[in-house]
Amino acid sequence: MELLKQRIREDGVIKGTEVLKVDSFLNHQMDVELFDAMGAEFKRRFSGCEVNKILTIEASGIGIACLAARHFGCPVVFAKKSQSRNISDNVFCAKVESFTHGKVYDVVVSREYLHPEDKVLLIDDFLANGEALRGLAAIVAQSGAQLVGAGIVIEKAFQPGGANLRAQGMRVESLARVAAMSEDEGITFAD
Ligand code: 5GP
């Protein structure tokens, strides 16, 4: 998506070799017009898939998922990060290792909001090692719902998540794929 790539080139801040900061339009301040255009693009890519629920993970995925949901005409469910040792029976649960903090935490979704008849699209801001998507997909599998695929804003294609998940059969659509980045040479997009 050209508009997004242009914005990343202009406003993205590269931290070391692994982390891209896009706080000015995605992860802190949010450009809602851009989110709306991204939502329209997700809808175009997943049109005909009869998505009736979007599943994301708190916190950064929520804004993007909400704007996307306007285009799909469906609700958003967000998986909550839980510190609690006692996970109740009323939730689907998966363990996820955080890319940014390195910690493993539980993510939970109430059984009330995912059902076997649902067709679920996952949405998230970044794809790196694929842990967040793997956890969300595990939750969808527990619910018996159908996983349509995943819509990602920025995929760091030099990290293994996207390739691994596609090899396992997940349809992953990323609006911008970063092939390489460095503080000295900037960003190269994959396509
Ligand atoms: P994964 O689970 O695929 O390893 O990492 C994805 C999650 O880590 C995303 O939900 C996102 O919050 C965070 N993340 C991974 N890489 C980056 C990055 O380069 N920049 C930012 N801002 N977040 C990232």
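Hydrogens, waters and symmetry mates play no part in the numbers below; they use all other heavy atoms, side chains included. Nothing fancy with the numbering, it's 1 onward along the sequence.
Contact check for Met38 versus Leu26: side-chain heavy atoms found under the 4.5 Å cut-off. Considering only heavy atoms from C-beta on, Phe42 comes within 4.5 Å of Phe72 through its side chain. Residues Leu20 and Lys15 form no side-chain contact, since every pair of their non-hydrogen atoms from C-beta on lies 4.5 Å or further apart. Here the side chains of Leu147 and Arg171 are not in contact, with every heavy-atom distance at 4.5 Å or above. Taking the side chain as every heavy atom from C-beta outward, Phe126 and Glu155 never approach each other to under 4.5 Å. Counting only heavy atoms from C-beta outward, the side chains of Leu4 and Glu41 never approach each other to under 4.5 Å. Contact of the Leu133 side chain with the Ile152 side chain is registered, since non-hydrogen atoms from C-beta on lie closer than 4.5 Å. Side-chain atoms of Val178 and Ile154, non-hydrogen and from C-beta on, do get closer than 4.5 Å to each other.
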Where do Val107 and Ile57 land on the side-chain contact (heavy atoms from CB on, under 4.5 Å) test, with the steps shown first?
CA-CA 8 Å; Val107 290; Ile57 187 164; 3.6 Å; yes
Using side-chain contact (heavy atoms from CB on, under 4.5 Å), reason through Asp118 and Gln146 one step at a time and then give a plain yes or no.
CA-CA 6 Å; Asp118 286 331; Gln146 183 186 328; over 6 Å; no
Decide yes or no on side-chain contact (heavy atoms from CB on, under 4.5 Å) for Asp125 and Asn27, but give the supporting numbers first.
CA-CA 8 Å; Asp125 57 345; Asn27 290 125; 2.9 Å; yes
Please determine whether side-chain contact (heavy atoms from CB on, under 4.5 Å) holds for the pair Phe78 and Val109, giving the CA-CA distance in whole Å, both sets of side-chain angles, and the decisive distance to 0.1 Å.
CA-CA 7 Å; Phe78 65 92; Val109 171; over 6 Å; no
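Here the side chain of Arg44 pairs no donor or acceptor atom with the backbone of Gly39 at under 3.5 angstrom. Using a distance-only test at 3.5 Å, with no hydrogens or angles considered, a donor-acceptor pair links the side chain of Gln29 to the main chain of Ser24. In terms of modelled atom types and a separation under 3.5 Å, the side chain of Lys81 and the main chain of Glu58 share a donor-acceptor contact. The backbone N or O of Glu18 sits less than 3.5 Å from a side-chain atom of Lys156, completing a donor-acceptor pair.
Of all the heavy atoms in Thr56 and Gly61, the pair that sits closest is OG1-CA, 3.2 Å. Across Gly16 and Glu183, no two heavy atoms sit closer than the pair N-OE2, 2.5 Å. Between Val76 and Ala65 the shortest heavy-atom distance is CG2-O, 3.4 Å. Closest approach of Ala176 to Ile8, counting heavy atoms only: CB-CD1, 3.8 Å. Gly135 approaches Ala94 most closely through the heavy-atom pair O-CB, 3.5 Å. Pairing each heavy atom of Cys93 with each of Asp106, the nearest pair is SG-OD1, 3.7 Å.
Both Val51 and Ile123 belong to a common hydrophobic cluster when Ile, Leu, Val, Met, Phe, Trp and Tyr are linked at side-chain heavy-atom distances under 4.5 angstrom. The hydrophobic clustering, which links ILVMFWY residues whose side-chain heavy atoms are closer than 4.5 Å, places Val153 and Phe46 together. Ile62 and Tyr113 fall into different hydrophobic clusters, defined by Ile, Leu, Val, Met, Phe, Trp and Tyr side-chain heavy atoms under 4.5 Å apart, directly or through other members. The cluster map of Ile, Leu, Val, Met, Phe, Trp and Tyr, joined by side-chain heavy atoms under 4.5 Å apart, puts Met170 and Leu121 in different clusters. Taken together through direct or relayed side-chain contacts under 4.5 Å among Ile, Leu, Val, Met, Phe, Trp and Tyr, Val22 and Val32 form part of one hydrophobic cluster.
The distance from the NZ atom of Lys43 to the CZ atom of Arg70 is 13.5 Å, given to the nearest 0.5 Å. A distance of 9.5 Å separates CG of Asn52 from NE2 of His115, quoted to the nearest 0.5 Å. The line from OG of Ser174 to CG of Asp124 is 10.5 Å long, rounded to the nearest 0.5 Å. Between the CG atom of Leu122 and the CD atom of Glu173 there is a distance of 13.0 Å, given to the nearest 0.5 Å. Rounding to the nearest 0.5 Å gives a distance of 9.5 Å between OG of Ser143 and CD of Glu117. To the nearest 0.5 Å, atoms CD1 (Ile187) and OG (Ser182) are separated by 9.5 Å.
The number of heavy atoms from other shown groups lying within 6.0 Å of CE (Met30) does not exceed 12. Shown here is Arg111, whose CZ atom has more than 12 heavy atoms of other residues, nucleotides or ligands within 6.0 Å. Within 6.0 Å of OH on Tyr105 lie more than 12 heavy atoms contributed by other residues, nucleotides or ligands. Under a cut-off of 6.0 angstrom, the local environment of CD in Glu33 is sparse, with at most 12 non-hydrogen atoms contributed by other residues, nucleotides or ligands. Applying the 6.0 Å contact sphere to CD of Glu185 captures no more than 12 heavy atoms from other residues, nucleotides or ligands.
Among the candidates Val96, Val91, Val120, Leu114, the single residue satisfying the side-chain contact (heavy atoms from CB on, under 4.5 Å) test with Ile139 is Leu114.
In this structure, Asp191 pairs ionically with Arg177, as a charged nitrogen and a carboxylate oxygen lie closer than 4.0 Å.
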